[in-house]
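Okay, so here's the structure we're looking at.
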Amino acid sequence: MKVHVNNIKVYAYHGCLDEEGIIGSDYRVDAVVDVKNKLSHQNDDLNQTVDYSLVTQIVVEEMAVRSKLIETVAARIIKRILKECEHKEHVTATVTKINPPIDGDVETVCVTLNSEDI
């Protein structure tokens with residue numbers, strides 16, 4: 001079983017340019033957590049699965065810590081979920097920067113990392 005927490009919207013200040021640390025950008029984060037307890041749906045008990053409220057809180061807190069690379073942010077999110085969430089087996093995080101300040105008409109750029117990547 002997987003818990004998907006999709007489209008967590010945050011405003012943050014990541015990027016290599018100094019201006020990005022001042023102006024900031026809109027971001028979207030998606031997290032997927034494989035749950036160890038494959039029968040948690042039978043128990044109807046939050047203590048037997050991954051709490052998506054905690055996942056959301058971790059994402060918001062880690063997005064508030066400025067980094068040059070969104071890869072770094074994704075890795076921090078994964079590490080915290082692995083550390084703080086019970087019943088997790090595998091984590092994937094995608095951090096998407098909306099309207100990145102690059103030449104060209106680019107809607108988004110994103111990075112996806114898996115717990116095996118870090």
Side-chain angles (χ1 to χ4, degrees):
M1 182 179 80
K2 297 177 189 287
V3 171
H4 296 252
V5 186
N6 296 322
N7 204 19
I8 304 167
K9 296 175 185 177
V10 293
Y11 198 85
Y13 299 88
H14 308 298
C16 293
L17 303 174
D18 290 338
E19 296 83 26
E20 291 176 291
I22 298 167
I23 298 169
S25 299
D26 288 310
Y27 289 83
R28 183 182 73 230
V29 179
D30 302 303
V32 180
V33 184
D34 289 340
V35 180
K36 279 185 187 179
N37 182 359
K38 304 301 182 199
L39 301 177
S40 62
H41 63 280
Q42 295 177 352
N43 300 330
D44 198 29
D45 181 359
L46 180 59
N47 294 320
Q48 298 299 311
T49 191
V50 172
D51 182 350
Y52 50 80
S53 295
L54 177 56
V55 171
T56 302
Q57 176 185 335
I58 289 169
V59 167
V60 170
E61 289 174 2
E62 290 304 324
M63 288 297 292
V65 178
R66 178 163 161 63
S67 293
K68 291 181 181 177
L69 302 177
I70 57 177
E71 292 91 326
T72 304
V73 182
R76 282 199 320 262
I77 290 167
I78 291 170
K79 288 176 185 176
R80 285 231 8 232
I81 292 171
L82 289 172
K83 180 180 177 186
E84 297 179 29
C85 291
E86 292 188 54
H87 309 293
K88 79 289 181 184
E89 197 166 57
H90 173 82
V91 180
T92 301
T94 300
V95 177
T96 302
K97 181 182 260 188
I98 301 168
N99 296 318
I102 58 177
D103 291 335
D105 186 10
V106 179
E107 184 177 322
T108 65
V109 295
C110 68
V111 170
T112 300
L113 286 177
N114 299 303
S115 46
E116 291 84 16
D117 295 331
I118 57 172

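From a predicted model like this one, the values you see are computed outputs, not experimental measurements.
One hydrophobic cluster, built from ILVMFWY side chains closer than 4.5 Å, cannot hold both Val32 and Val35; they sit in different ones. Under a hydrophobic clustering in which Ile, Leu, Val, Met, Phe, Trp and Tyr are joined whenever their side-chain heavy atoms come within less than 4.5 Å, directly or via other members, Val55 and Ile118 fall into the same cluster. Using a 4.5 Å cut-off between side-chain heavy atoms of Ile, Leu, Val, Met, Phe, Trp and Tyr, with links allowed through other members, Ile98 and Val95 fall into different hydrophobic clusters.
Proximity of a side-chain donor or acceptor of Asp51 to a complementary backbone N or O of Ser53 within less than 3.5 Å is detected. Within the 3.5 Å criterion, the main-chain N or O of Cys85 finds a donor-acceptor partner in the side chain of Lys88. When atom types are taken as modelled, the side chain of Arg66 and the backbone of Tyr13 share a donor-acceptor pair closer than 3.5 angstrom. No donor-acceptor distance shorter than 3.5 angstrom exists from the side chain of Asn114 to the backbone of Glu116, with no hydrogens or angles considered.
In this structure, Lys68 does not pair ionically with Glu20, as no charged nitrogen and carboxylate oxygen lie closer than 4.0 Å. Under a 4.0 Å N-O distance rule, the pair Glu89/Lys36 does not qualify as a salt bridge.
Atom CG of Asp30 and atom SG of Cys110 lie 8.5 Å apart (nearest 0.5 Å). The structure places CD1 of Ile78 at 15.5 Å from NZ of Lys83, a figure rounded to the nearest 0.5 Å. Expressed to the nearest 0.5 Å, how far OG1 of Thr49 lies from CE of Met1 amounts to 3.5 Å. Here OG1 of Thr112 is found 9.5 Å from CG of Asp117. Values are rounded to the nearest 0.5 Å.
Here ring-ring contact (aromatic ring centres under 6.0 Å, His included) pairs that include residues 44-102, with residues two or more places apart or in two chains, number zero.
Taking Glu71 as the reference, nothing meets the salt bridge (charged side-chain N to carboxylate O under 4.0 Å, His left out) condition, with sequence neighbours excluded. Residues satisfying the side-chain contact (heavy atoms from CB on, under 4.5 Å) test with Asp44, not counting sequence neighbours, are none.
Checking Thr94 against Arg28 by side-chain atom types alone, no donor-acceptor pair falls below 3.5 Å.
Ala74 and Ala93 make their closest contact through O-CB, 4.2 Å (heavy atoms, listed as atom of the first residue, atom of the second, distance). Here the closest heavy-atom approach between residue His14 and residue Tyr27 is recorded as O-OH, 3.0 Å.
Between Leu69 and Thr72 there is a side-chain heavy-atom pair separated by less than 4.5 Å. The side-chain heavy atoms of Ile81 and Val33, taken from C-beta on, include a pair separated by under 4.5 Å. In this structure, the side chains of Glu61 and Arg80 come closer than 4.5 Å at one or more pairs of heavy atoms.
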